Amino acid sequence: MKKIFIAAIAVILYACNAEEKTTPGDETRAVTSAAAITNMSGYEATYSRSFEMGDAKNAEAVLAIWKDWDNGNLDPSKGLFADSVTFLTGDGNVISGPLDSAFGAMKSFREMFTTIKSTVTAILPVKSTDKNENWVSIWGTEISTDKKGKIDSVALQESWRFNKDGKVNLFIQHMRVLKPAGK
């Protein structure tokens with residue numbers, strides 16, 4: 001009985017890890033299973049319901065931006081943004097316009113803090129196949145200390161959209177205030 005159970009598990013694992021190939025002429029790229037949701041339970045996706053894994057370099061770009069944010073020097077990240085950008089921040093602010101002014105506003109906001117320490121819970125680069133748009137979703141926490149010494153912590157869920165040139169042109173942030181440590 002134990003051998004049959006082990007054999008069944010091995011078959012299931014093999015089946016789950018087997019790659020499916022596209023038709024000839026489409027390269028030999030792996031197809032993501034369940035890229036499009038077929039049963040929407042009566043809901044209509046207003047943006048997209050068809051995604052596949054995206055480019056890891058976009059996730060690396062977002063991680064570099066997070067690191068520069070933590071370090072308090074956003075200048076190294078400026079080249080990762082498009083000429084026009086929109087930031088929809090977790091506190092409800094909308095910063096939109098040419099990169100220099102929008103980026104300047106984000107730099108001014110970051111200067112309100114002496115330290116920021118972020119941790120990444122998960123990061124996922126995806127591509128909307130029907131919109132042909134690349135996104136990165138990142139979840140994490142941020143502990144910040146303002147210039148008066150007040151410490152706050154938030155849970156973050158962010159979506160970063162990349163344009164056809166591989167530059168961030170939209171940032172959407174959701175956050176939840178966390179209880180202070182030890183409470």
Side-chain angles (χ1 to χ4, degrees), residues 27 29 32 35-36 44-178:
E27 305 290 328
R29 179 178 67 83
T32 332
E44 184 61 38
T46 59
Y47 171 73
S48 176
R49 63 181 179 139
S50 181
F51 287 89
E52 66 183 15
M53 288 301 296
D55 194 333
K57 73 176 180 168
N58 293 335
E60 293 166 359
V62 170
L63 290 168
I65 294 167
W66 268 42
K67 183 55 76 175
D68 289 344
W69 183 260
D70 281 1
N71 292 336
N73 182 8
L74 302 179
D75 290 332
S77 294
K78 190 173 182 180
L80 298 172
F81 290 89
D83 292 338
S84 181
V85 65
T86 299
F87 299 107
L88 305 173
T89 64
D91 59 3
N93 286 313
V94 176
I95 302 166
S96 187
L99 177 60
D100 285 340
S101 61
F103 199 74
M106 292 306 290
K107 283 176 66 171
S108 293
F109 179 77
R110 174 56 181 93
E111 290 171 359
M112 294 170 35
F113 304 95
T114 57
T115 60
I116 291 180
K117 170 77 171 112
S118 300
T119 56
V120 175
T121 305
I123 186 163
L124 178 68
V126 295
K127 180 176 184 173
S128 169
T129 57
D130 57 344
K131 298 286 187 183
N132 195 30
E133 290 184 340
N134 291 290
W135 291 82
V136 170
S137 178
I138 186 168
W139 304 343
T141 57
E142 179 183 276
I143 300 171
S144 60
T145 306
D146 70 14
K147 291 187 175 183
K148 295 179 182 177
K150 182 181 178 204
I151 299 172
D152 283 316
S153 59
V154 293
L156 298 171
Q157 184 174 6
E158 297 176 348
S159 298
W160 298 72
R161 186 178 67 190
F162 289 76
N163 68 13
K164 63 179 175 33
D165 298 321
K167 307 282 185 167
V168 173
N169 65 358
L170 176 62
F171 162 84
I172 304 168
Q173 181 184 65
H174 301 278
M175 68 180 180
R176 180 175 60 88
V177 175
L178 299 173

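What you see is a predicted model, and the numbers here were worked out from it, not measured in a lab. Along the sequence shown, residues carry numbers from 1.
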J.: Taking the side chain as everything from C-beta on, heavy atoms only, tell me whether Ile65 gets closer than 4.5 Å to Trp160.
T.: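 A side-chain contact under 4.5 Å exists here.
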
J.: State whether a side-chain donor-acceptor pair under 3.5 Å links Thr145 with Thr114.
T.: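 No - no donor-acceptor pair under 3.5 Å links their side chains.
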
J.: Output, in order, the C-alpha distance, side-chain angles, deciding distance and verdict of side chain to side chain contact (heavy atoms under 4.5 Å, CB included) for Asn73 and Asp68.
T.: CA-CA 5 Å; Asn73 182 8; Asp68 289 344; 5.8 Å; no

J.: Which residues pass the side-chain contact (heavy atoms from CB on, under 4.5 Å) test with Asp55, not counting sequence neighbours?
T.: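 Counting only residues at least two positions away or on another chain, Asp55 forms a side-chain contact (heavy atoms from CB on, under 4.5 Å) with Lys57, Asn58.
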
J.: Taking everything shown except Trp139 itself, do over 12 heavy atoms lie less than 6.0 Å from its CH2?
T.: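 Check fails, neighbour count at 12 or below.
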
J.: If every non-hydrogen atom of Ala64 is compared with every non-hydrogen atom of Ser77, which pair is closest and at what distance?
T.: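 Smallest interatomic distance, heavy atoms only, reads O-OG, 3.8 Å.
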
J.: Side chain of Asn169, backbone of Ala82: donor and acceptor closer than 3.5 Å?
T.: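 It does not hold such a pair.
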
J.: Answer yes or no: is there a side-chain heavy-atom contact under 4.5 Å between Leu124 and Met53?
T.: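 They are in side-chain contact.
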
J.: Could you give the distance from OG (Ser153) to CG (Leu178), rounded to the nearest 0.5 Å?
T.: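 Spacing of OG (Ser153) from CG (Leu178) equals 4.5 Å.
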
J.: Please report the interatomic distance CZ(Phe171) to OG1(Thr86), rounded to the nearest 0.5 Å.
T.: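 Those atoms lie 12.0 Å apart.
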
J.: Which residues pass the ring pair (Phe, Tyr, Trp, His ring centres under 6.0 Å) test with Phe103, not counting sequence neighbours?
T.: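 Only Phe81 meet the ring pair (Phe, Tyr, Trp, His ring centres under 6.0 Å) criterion with Phe103.
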
J.: Identify the two heavy atoms, one from Ala102 and one from Ile95, that lie closest to each other, and give their separation to 0.1 Å.
T.: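 For Ala102 versus Ile95, the nearest heavy atoms are CA-CG2, 3.7 Å.
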
J.: Would you find a donor on one side and an acceptor on the other, under 3.5 Å apart, between the side chain of Lys164 and the backbone of Asn132?
T.: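 Checked: no pair found.
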
J.: Checking Lys167 against Val85 for the side chain to side chain contact (heavy atoms under 4.5 Å, CB included) test, could you report, in this order, the C-alpha distance in whole Å, the side-chain angles of both residues, the deciding distance, and whether it holds?
T.: CA-CA 9 Å; Lys167 307 282 185 167; Val85 65; over 6 Å; no

J.: Please examine the side chains of Asp70 and Trp66, heavy atoms only from C-beta on, and report whether any two atoms are closer than 4.5 Å.
T.: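 No; the side chains remain at least 4.5 Å from each other.
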
J.: According to side-chain contact (heavy atoms from CB on, under 4.5 Å), who are the partners of Ser84, at least two apart in sequence or on a separate chain?
T.: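 Residues passing side-chain contact (heavy atoms from CB on, under 4.5 Å) with Ser84: none at all.
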
J.: Restricting to non-hydrogen atoms, name the atom on Met175 and the atom on Gly90 that form the minimum distance, rounded to 0.1 Å.
T.: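 Here Met175 and Gly90 meet closest at CE-C, 3.7 Å.
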
J.: CG/Asn134 to CD/Glu52 distance, rounded to the nearest 0.5 angstrom?
T.: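 Output value for this atom pair is 9.0 Å.
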
J.: Per the salt bridge (Lys or Arg N to Asp or Glu O under 4.0 Å) rule, what does the pair list look like for residues 89-107, sequence neighbours excluded?
T.: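 Applying salt bridge (Lys or Arg N to Asp or Glu O under 4.0 Å) to every pair that reaches into residues 89-107, excluding sequence neighbours, yields Asp75-Lys107, Lys78-Asp100.
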
J.: Which value, rounded to the nearest 0.5 Å, describes the distance between Phe87 atom CZ and Ile172 atom CD1?
T.: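 Output value for this atom pair is 12.0 Å.
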
J.: Going by the rule ring pair (Phe, Tyr, Trp, His ring centres under 6.0 Å), which residues pair with Trp135 if we only count those two or more places apart in sequence or in a different chain?
T.: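 Once residues adjacent in sequence are excluded, the partners of Trp135 under the ring pair (Phe, Tyr, Trp, His ring centres under 6.0 Å) criterion are Tyr47.
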
J.: Which residues pass the salt bridge (Lys or Arg N to Asp or Glu O under 4.0 Å) test with Asp152, not counting sequence neighbours?
T.: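 Salt bridge (Lys or Arg N to Asp or Glu O under 4.0 Å) list for Asp152, sorted by chain: Lys150.
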
J.: Is it the case that the side chain of Thr129 and the backbone of Ser50 share a donor-acceptor pair, with hydrogens and angles ignored and the cut-off at 3.5 Å?
T.: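 Side chain of Thr129 to backbone of Ser50: a pair is present.
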
J.: Say whether Asp146 and Ser144, considering side chains only, have a donor N or O and an acceptor N or O under 3.5 Å apart.
T.: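 Asp146 vs Ser144: no donor-acceptor pair found between side chains.
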
